[in-house]
There are 2 protein chains.
Amino acid sequence: MGDEKRRLAAVAVELPEGVTPPGTAGRILHAGLQLFSEYGFHGASIRDIAVAAGINSATLYAHYPSKEHILAALVRLGHEELHGRLQRALVSAGDGPGATAATGATAQLAALVRAHVTAHAEYPLLAVVANSELHALSAELAAPAVALREQSTRLLLAVLHKGMETGEFAVDDAFLAAAAIAGMGLRVAHWFGPHQPYRRDEVADEFAAFALRLVGVAAEKPATRRRSRR
Amino acid sequence: MGDEKRRLAAVAVELPEGVTPPGTAGRILHAGLQLFSEYGFHGASIRDIAVAAGINSATLYAHYPSKEHILAALVRLGHEELHGRLQRALVSAGDGPGATAATGATAQLAALVRAHVTAHAEYPLLAVVANSELHALSAELAAPAVALREQSTRLLLAVLHKGMETGEFAVDDAFLAAAAIAGMGLRVAHWFGPHQPYRRDEVADEFAAFALRLVGVAAEKPATRRRSRR
DNA sequence: GTCTATATCTTGATAGAC
DNA sequence: GTCTATCAAGATATAGAC
């Protein structure tokens, strides 16, 4: 699955639009994103980040009070972006015109997984930093992200429980199903990239179909299935 | 899913039996396992490791030529353990008395996933180090693990392709299915622990069932299903 | 094999001029 | 806001006695 030596595939260093601070602060964030995702928090130095941002290392402290705060900003940003997408996906799926009591959870789970996978395929570096470097933060600086993560988990569990109650899903254990579904989506950030023969929405659709099968929902269009690509 | 701040749950620091060097070299390896898994390679210092191993930092160099070599030993060990388990699982499933052309791939996929999940639940620290700290190694020291990882991936892909050919599996794309199945198993190392109300084999069985559903194999015993625990 | 002591370098962060 | 210069602490690794 790609270059197995690196933490993730060669991807453009991108942050969600609208939320990145302008000017130097934003360039520092981009530099941190790139270096933290590749070398980890402790593996990237203040000077490395400064060089990548095109500034002197001392200038950095005019924008962030410490190296840790750069990471905290990225981790928070990543968790906010994901949680916002999950929430919007849920709302859209729940309010859809075709939603009934018998298909609500199915559509919501598909929307949730699609959003989850899309986010990880769209911002792989941010996802890796938010997931794999959270532990480098102090409890205080990690708190906002931890809270968001718990809420995101709750969204998934709620949909699973709902589907189990309506009978849409045949699942023994909601937690284990959530862990499996979340795990397969999280990992996308590590292998997805422009070198793959897939578009983001192809992966998202396929993984949503995987999730539905996983919870016991039969495939909706068995005839439409494409041939294998790999 | 556990303490979301840390990289993994509170688990005993264990290495596979028989492969750990005796004496001080082994204690260094255990110390490295604990500290690398919690703080990452660059987040744990030589002195930290020495203290955890109960020796002076200089003594360490009588056993390993560099800090990087400690990590390399752990990463290699982790990949060898996993690959060995996958191979043995495949052989057992393939040679089983009930194996036929129509069920071979199904049994093999279940065995593969069970072994994968069991390994990650049995040695979570080792799995986290082997997976998440591989990038900190030079290309040379990472090479053995990278090679093993490619072989493990091939095992899974081969089973998927076989099941697609025999008609056991209804899968569009073997690579995406492999990525999903591998991802859900890899993540187990991050949340499994003694605080969870599951035994290792319960998780392994459930995840194997998830994988079979994911590739389109209908549940074998729908009546035997237990009630949800969470 | 294990220690004390130390060399050498890099780290995160600060002081102060412009 | 950005720089030069620098501090104090920490890093990896080595030398040499026992």
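Note on naming: letters A, B, ... go to the chains in the order of the sequence lines (proteins, then strands), and numbering restarts at 1 for each one. When reading the values below, keep in mind they use all heavy atoms of this one structure, side chains included, and skip hydrogens, waters and symmetry mates. Model, not experiment: these values are computed from the prediction.
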To the side chain of A:A58, which of D:dA13, D:dT2, C:dA15 is closest?
C:dA15
Below the 4.0 Å mark, does C:dG1 have OP1 or OP2 next to a side-chain nitrogen or oxygen of B:T24?
no
Starting at CG of B:L60 and ending at P of C:dT4, how long is that distance when rounded to a whole Å?
15 Å
Side-chain H-bond candidate by donor/acceptor type, A:D173 with B:Y198, under 3.5 Å
yes
Once you apply a heavy-atom cut-off of 4.0 Å, does B:I55 come out as touching a base, just sugar-phosphate, or nothing?
sugar-phosphate
Under 4.0 Å, counting only non-hydrogen atoms across every strand here, what does A:A44 touch: a base, just sugar-phosphate, or nothing?
sugar-phosphate
For the residue pair B:F207 and B:W191, does the interplanar ring angle fall in the parallel (under 30°), tilted (30 to 60°) or perpendicular (over 60°) class?
tilted
In whole angstrom, what separates A:R47's CZ from C:dA13's C1'?
9 Å
Please list residues of residues 65-73 of chain A whose heavy atoms come under 4.0 Å from any atom in DNA chain C, ordered by number; otherwise none.
A:S66, A:K67
In whole Å, what is the span from the OH atom of A:Y64 to the P atom of C:dG12?
16 Å
Whole angstroms only, please: what is the CZ-C1' distance between B:R27 and C:dG1?
12 Å
Atom CD1 of B:I46 to atom C1' of D:dA11: distance rounded to whole Å?
9 Å
Between D:dG16 (C1') and B:Y61 (OH): distance, integer Å:
17 Å
Remember a base hit wins even if backbone is also touched, and classify A:S45 as base, sugar-phosphate or nothing at under 4.0 Å, heavy atoms.
sugar-phosphate
To the nearest angstrom, how far is A:N56 atom CG from D:dA5 atom C1'?
10 Å
Would you indicate, yes or no, if D:dG1 has its OP1 or OP2 atom less than 4.0 angstrom from a side-chain nitrogen or oxygen of A:T59?
no
From the list C:dA13, D:dG1, C:dT2, which nucleotide is the closest neighbour of the side chain of A:H63?
D:dG1
